[in-house]
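Order of the sequence lines sets the chain letters (A, B, ...), proteins ahead of strands, with each chain counted from 1.
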Amino acid sequence: MSELGPRYEHKEVEKRIYRLWEKSGYFAPEAHQPRAGNPESKKTFCIMMAPPNVTGSLHMGHALENTMIDVLIRWKRMQGYKTLWLPGIDHASISTHNVIEKELKKEGLTRFDLGRERFLEKAWEWKKQYGGIILDQLKKLGASCDWSRTRFTMDEKYIDAVLTAFVHYYKKGLIYRGLRTITWCPRCGTGISDLEVKYKEEDAILYYIQYGPFTLAPVRQETKFGDTALAVNPEDVRYKKYIGKEIEIESLDVSGQPDKPSKTKIKVAVVADDAVDPEFGTGVIKVTPAHDITDFEIAQRHKLPMLQVIDEHGRMNENAGKYGGMKTKDARDKVASDLRAVGLLLKEEPYRHNTATCERCGTVVEPLPSLQWFVKMDSLAELAKKTVRSGRTKILPANFEKNYFSWLDNIRDWCISRQLWWGHQLPVFFCKKEGGEQRVAGQAKADQKFVVAKEKPKKCPICGNCEMEQSPDVLDTWFSSALWPFATLGWPEKTDDLKKYYPTDFITSAREILNLWIMRMIFSGEEFMDKEPFAVALIHGTILTKEGRRMSKSLGTGIDPLSLIENHGADATRFGVVWQAMGSQDIRWDETSVQAGRKFNTKLWNIARFLQKKTGGKSYTTERLEGFLNGETIKGVFPEANDDDLKILEGLRATRSQVVQYLENYEFGQALHTLYDFVWHNLADKYVEQVKTREDELAREILHGVFMSCLTMLHPFMPFITEEIYQQLKPGELLMVRKW
RNA sequence: GCGCGCUUAGCUCAGCGGCAGAGCACCGCUUUUACACAGCGGGGGUCGUAGGUUCAAAUCCUACAGCGCGCACCA
């Protein structure tokens with residue numbers, strides 16, 4: 001035993017202690033030795049890390065999430081479970097594209113200048129250089145992951161899992177290719193899913209336009225050239241007489257001189273559809289199947305034709321006649337003034353509405369018709385509902401189940417193809433003689449033949465002798481991460497790990513990930529493993545700035561957890577985060593809690609120094625104390641105890657049972673507050689003071705025992721300092737596997 | 001528009017039916033050998049507003065207001 005120094009030096013200690021843990025091998029479940037008489041010894045406890053994006057660096061959300069997980073993992077490990085916390089990285093298709101394309105832009109290049117192959121080379125290079133950084137950052141936080149099992153969603157084996165899943169869905173008839181109006185980001189040059197759209201509030205103008213006998217009030221009147229019908233609510237008495245009729249209306253002529261607006265007469269059908277809200281606007285809508293997803297659905301129901309007037313770059317196309325080539329925003333103004341000129345614009349009214357933008361790059365998205373790949377969601381949504389309804393996966397707090405179910409009730413088929421390069425290329429092969437996959441609407445054939453297989457067929461079954469060409473599209477990133485809980489364990493192979501650790505025990509995520517990821521893992525788990533992927537999905541709060549704003553790197557409002565670790569230590573940082581983690585409430589970040597954590601470090605350090613001085617470094621067995629904690633009476637165990645002893649012992653027992661209860665309910669903040677209060681205000685302020693004037697051996701034994709017990713309970717929260725103190729007091733043993 | 005959550009001390013938040021709490025900040029005293037990153041003591045809140053239930057409400061119910069989030073809408 002060595003003497004504790006006057007100060008706790010977190011920087012030196014954290015490096016040394018982390019190495020000690022790694023060397024011990026206890027991060028891997030295999031190192032656990034069954035403990036005699038401990039029924040937990042044979043049980044496993046497994047958590048899959050939410051794989052951070054390759055492009056990511058540690059932010060407060062990661063710190064919160066992974067600290068909570070580490071608390072659970074360390075706690076269970078100390079209880080004797082075989083614990084596995086499996087780390088990994090997500091290739092993050094569209095995010096990575098954004099990062100690399102931003103760099104290319106500095107050199108005045110686009111990804112198309114580079115070409116697919118060279119772009120991918122660059123992406124892999126980038127991955128090699130930066131991809132592991134975030135995992136090293138997690139080590140600094142103290143994360144006790146089994147690093148030997150680290151996975152990447154584009155590892156060879158993982159790719160196999162993704163392709164296997166695709167082929168499985170396809171053979172089952174759950175994946176199809178179809179021409180549909182989807183959300184398209186003109187900047188990223190790819191389709192995106194509903195969940196990748198972010199809405200921004202914006203001031204716009206409602207243009208009241210004369211449409212034959214009707215008045216319509218669109219914002220995006222430039223899409224009017226793509227109208228193929230008008231629609232009203234079937235119950236709307238005002239318009240009943242028009243339903244099913246074709247009416248003649250006056251409209252802008254797109255074929256005339258650009259600077260001479262003129263009118264022309266066209267015929268338009270009127271259909272009745274429930275999607276039309278008779279209360280909104282004038283109760284009549286123009287149906288533009290090519291450029292509005294709701295309208296597309298109406299068109300499908302009424303078999304209306306589709307007319308595309310906006311192209312993939314967000315410009316009007318040749319179908320818009322003289323407006324062709326204009327950007328949609330410019331066309332909107334031009335159309336308005338032309339309508340005004342010909343007397344078809346009745347009035348303008350300011351209107352505040354939400355504009356759909358691309359979540360990744362902020363560009364206004366354009367709904368477009370496009371040939372894409374979809375997963376049919378009906379039966380999968382049913383699976384996802386059943387799992388939660390039956391309680392096999394619990395969503396906590398329970399009120400989030402409501403969100404979950406209502407989203408599943410209104411789900412649309414999942415567009416899984418992306419016109420990007422970084423990711424899992426679709427295992428779909430087209431005949432080269434037909435020119436490979438044709439995607440662009442107009443030229444495309446939705447009934448084009450293809451082969452779905454994990455490997456390229458040797459001979460083209462379509463023409464008989466060409467080298468087949470793989471679809472250039474890659475899969476939505478969430479398609480691969482949906483398989484995470486079992487693909488990381490070796491699926492589709494039937495590995496030992498899969499048998500041992502699946503289903504996993506816990507996952508935690510931010511609210512917005514519930515539908516993006518959690519739900520998709522649930523139906524994937526049910527589909528491929530016949531079992532739920534995890535027992536509990538905990539929704540945690542978002543860390544905001546003190547003013548309640550979103551933390552954002554670009555706005556400079558983010559707090560860097562690494563600098564917190566550097567300045568205050570990993571334990572103080574973890575303390576600060578958990579201290580504020582109360583339920584799923586958002587956290588308005590308050591750095592004083594990290595300060596409190598640092599002070600608490602000092603407190604622990606000094607209690608240890610006092611203990612060392614008082615006992616002369618003597619080590620006591622903890623048998624008597626454990627007997628008491630396990631339910632024996634104080635008088636039975638410590639017959640000579642006085643009132644002060646009774647108080648601290650009872651306090652310890654109460655604290656322990658409360659902490660366990662909180663942890664079992666995933667109430668991390670409450671558990672830490674309870675420990676803090678007991679250690680500081682009962683053990684340090686009271687008992688230590690009382691012991692100062694006592695010279696009996698019992699006081700020393702109790703002080704020693706109570707403190708050791710506190711170190712044990714605090715270890716999951718503050719692993720470095722507690723381990724360091726333990727090493728000083730009991731060299732040769734590791735606190736990280738001491739019995740809780 | 002529908003749904004969910006929040007509103008408690010200067011700040012950030014616990015408490016969720018029975019004398020208003022913590023961290024940080026503030027004021028006073030104390031360098032007494034674990035710790036001044038401390039100890040002891042103290043100030044500070046009519047618990048968003050208005051009703052209701054109850055012997056008793058910050059805590060339960062109803063309405064309203066403000067803030068935030070999710071979903072829908074954007075004709």
Side-chain angles (χ1 to χ4, degrees), chain A residues 4 6-8 194-195 199-202 204 206-209 211 214-221 223-224 227 230-233 275-288 292 294-295 298 351-356 397-407 409-410 510-512 514-515 539 541-542 544 546-550 568 572 575-576 579-614 667 669-670 672-674 676-677 680-681 684-685 688-689 691-692 703 707:
Chain A
L4 272 71
R7 279 268 187 277
Y8 172 65
D194 297 352
L195 295 172
Y199 292 93
K200 281 186 199 159
E201 252 196 52
E202 202 181 68
L206 277 181
Y207 294 89
Y208 286 79
I209 300 172
Y211 254 77
F214 308 115
T215 305
L216 267 65
V219 171
R220 303 180 53 210
Q221 67 275 18
T223 64
K224 80 196 298 297
D227 295 352
L230 293 171
V232 298
N233 189 282
V276 182
D277 175 5
E279 304 293 320
F280 190 92
T282 58
V284 187
I285 67 166
K286 58 194 202 60
V287 184
T288 321
D292 185 288
T294 309
D295 288 4
I298 293 174
Y351 178 58
R352 196 157 180 81
H353 76 148
N354 289 317
T355 307
N399 48 301
F400 284 102
E401 284 187 4
K402 221 170 169 172
N403 278 352
Y404 179 82
F405 285 121
S406 83
W407 201 78
D409 284 338
N410 298 304
R511 273 182 288 273
E512 63 266 27
L514 179 61
N515 293 329
I539 305 300
T542 306
L544 306 169
K546 197 161 183 178
E547 295 73 38
R549 295 200 301 156
R550 207 156 257 281
H568 305 283
F575 181 101
W579 184 258
Q580 299 181 75
M582 294 292 183
S584 63
Q585 230 50 260
D586 281 349
I587 296 166
R588 290 187 175 208
W589 180 251
D590 182 8
E591 196 153 330
T592 63
S593 62
V594 177
Q595 194 183 331
R598 204 191 51 210
K599 286 181 167 188
F600 191 45
N601 270 354
T602 309
K603 200 66 179 173
L604 286 172
W605 190 253
N606 284 307
I607 299 170
R609 290 177 69 208
F610 175 77
L611 173 71
Q612 208 170 38
K613 192 173 160 192
K614 189 74 187 176
E667 294 177 288
Q670 282 87 343
L672 182 59
H673 279 256
T674 304
Y676 174 92
D677 190 60
W680 199 304
H681 300 301
D685 288 351
V688 164
E689 292 306 318
V691 164
K692 279 182 181 171
L703 179 68
F707 184 60

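Pair check for B:C40 finds B:G28; Watson-Crick or G-U wobble, both atom distances under 3.5 Å. When both pairing distances are held under 3.5 Å, B:C2 makes a Watson-Crick or G-U pair with B:G70. The partner of B:U62 is B:A50, judged by Watson-Crick or G-U wobble contacts that both fall below 3.5 Å. Checking B:A34 for Watson-Crick or G-U wobble geometry (two distances, each under 3.5 Å) identifies no partner in any strand. Base pairing of B:A22: its partner is B:U12, meeting the Watson-Crick or G-U wobble criterion (both donor-acceptor distances under 3.5 Å).
B:A38 atom C1' lies 15 Å from atom CZ of A:F610, rounded to whole Å. Whole-Å rounding puts the A:L604 CG to B:C37 C1' distance at 12 Å. For the pair A:L672 CG and B:G23 P, the computed distance is 13 Å after rounding to whole Å. In this structure, A:I587 places its CD1 atom 19 Å from P of B:G68, rounding to the nearest Å. Residue A:N410 contributes atom CG, which lies 19 Å from atom P of B:G1 at whole-angstrom precision. Straight-line distance from the CH2 atom of A:W407 to the C1' atom of B:A72: 13 Å, rounded to whole Å. Rounding to whole angstrom units, CD of residue A:Q580 and P of B:C13 are separated by 8 Å. In this structure, A:D277 atom CG and B:C2 atom C1' are separated by 13 Å, rounded to whole Å.
For the OP1/OP2 pair of B:G23 and a distance below 4.0 Å, the side-chain nitrogens and oxygens of A:K599 include no atom meeting the criterion. One finds no side-chain N or O of A:H681 lying less than 4.0 angstrom from the OP1 or OP2 phosphate oxygen of B:G39. Phosphate contact (OP1/OP2 of B:G39, side-chain N/O of A:K603, threshold under 4.0 Å): present. An OP1 or OP2 oxygen of B:C69 is reached within less than 4.0 angstrom by no side-chain nitrogen or oxygen of A:Q585. One finds no side-chain N or O of A:K402 lying less than 4.0 angstrom from the OP1 or OP2 phosphate oxygen of B:G3. In this structure, A:W589 does not reach the B:C13 phosphate: none of its side-chain N or O atoms is under 4.0 Å from OP1 or OP2. For B:U12, the OP1/OP2 oxygens have a side-chain nitrogen or oxygen of A:R588 closer than 4.0 Å. Side-chain N/O atoms of A:Q595 include one lying less than 4.0 angstrom from OP1 or OP2 on B:A25.
Between A:K286 and the options A:I209, A:D292, A:T223, a side-chain contact (heavy atoms from CB on, under 4.5 Å) holds for only A:T223.
Going from the P atom of B:G1 to that of B:G21 covers 42 Å, rounded to whole Å. Remark: the separation of the P atoms in B:G42 and B:U7 is 29 Å, to the nearest Å. Rounded to the nearest Å, the gap between the P atom of B:C11 and that of B:C37 is 27 Å. Comparing the same atom, C1', in B:A9 and in B:C71 gives a spacing of 37 Å after rounding to whole Å. B:U31 and B:C40 have their C1' atoms separated by 14 Å, given to the nearest Å. Taking the C1' atoms as reference points, B:C29 lies 36 Å from B:G18, given to the whole Å. Distance noted for atom C1' between B:G28 and B:A36: 15 Å (whole Å). When the C1' atom is used for both B:G45 and B:C19, the distance is 15 Å, rounded to whole Å.
In the set B:G39, B:A34, B:A14, B:A34 carries the atom at the smallest distance from any side-chain atom of A:V688.
Considering only heavy atoms from C-beta on, A:F575 stays 4.5 Å or farther from A:H568 through its side chain. Here the side chains of A:V284 and A:Y211 are not in contact, with every heavy-atom distance at 4.5 Å or above. Under the 4.5 Å side-chain criterion, counting only non-hydrogen atoms from C-beta, A:T288 is not in contact with A:K224.
No engagement by A:E591 is indicated, since no non-hydrogen atom pair under 4.0 Å with the nucleic acid exists. Within 4.0 Å of A:K546, counting heavy atoms only, lie sugar-phosphate atoms of the nucleic acid but no base atom. Among the atoms of the strands shown, only primed sugar atoms or phosphate atoms (P, OP1, OP2) are found under 4.0 Å from some heavy atom of A:R511. Looking at heavy-atom distances under 4.0 Å, A:A231 makes no contact with the nucleic acid at all. A:K613 comes within 4.0 angstrom of a base, heavy atoms only. Among the atoms of the strands shown, base atoms are found under 4.0 Å from some heavy atom of A:V276. Residue A:R7 is classed as a base contact, given a heavy-atom separation below 4.0 Å to a base. Contact annotation for A:F600: no contact, since no heavy-atom pair falls under 4.0 Å across all strands.
With the nearest nucleotide of RNA chain B identified for both A:T592 and A:R598, A:T592 has the one nearer the 5' end.
A side-chain N or O of A:R609 and one of A:N606 form a donor-acceptor pair less than 3.5 Å apart.
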A:M582 and A:H673: CA distance, side-chain angles, deciding distance, side-chain contact (heavy atoms from CB on, under 4.5 Å) verdict: CA-CA 10 Å; A:M582 294 292 183; A:H673 279 256; 3.2 Å; yes

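Residue-to-nucleotide contacts include a donor-acceptor pair under 3.5 Å from the side chain of A:E689 to the base of B:A34.
Checked by atom type and distance alone, the side chain of A:Q595 never pairs as donor or acceptor with a backbone atom of A:E591 at under 3.5 Å.
Relative ring orientation between A:Y676 and A:W579 is described as perpendicular, the plane-to-plane angle rising above 60° on a 0-90° scale split at 30° and 60°.
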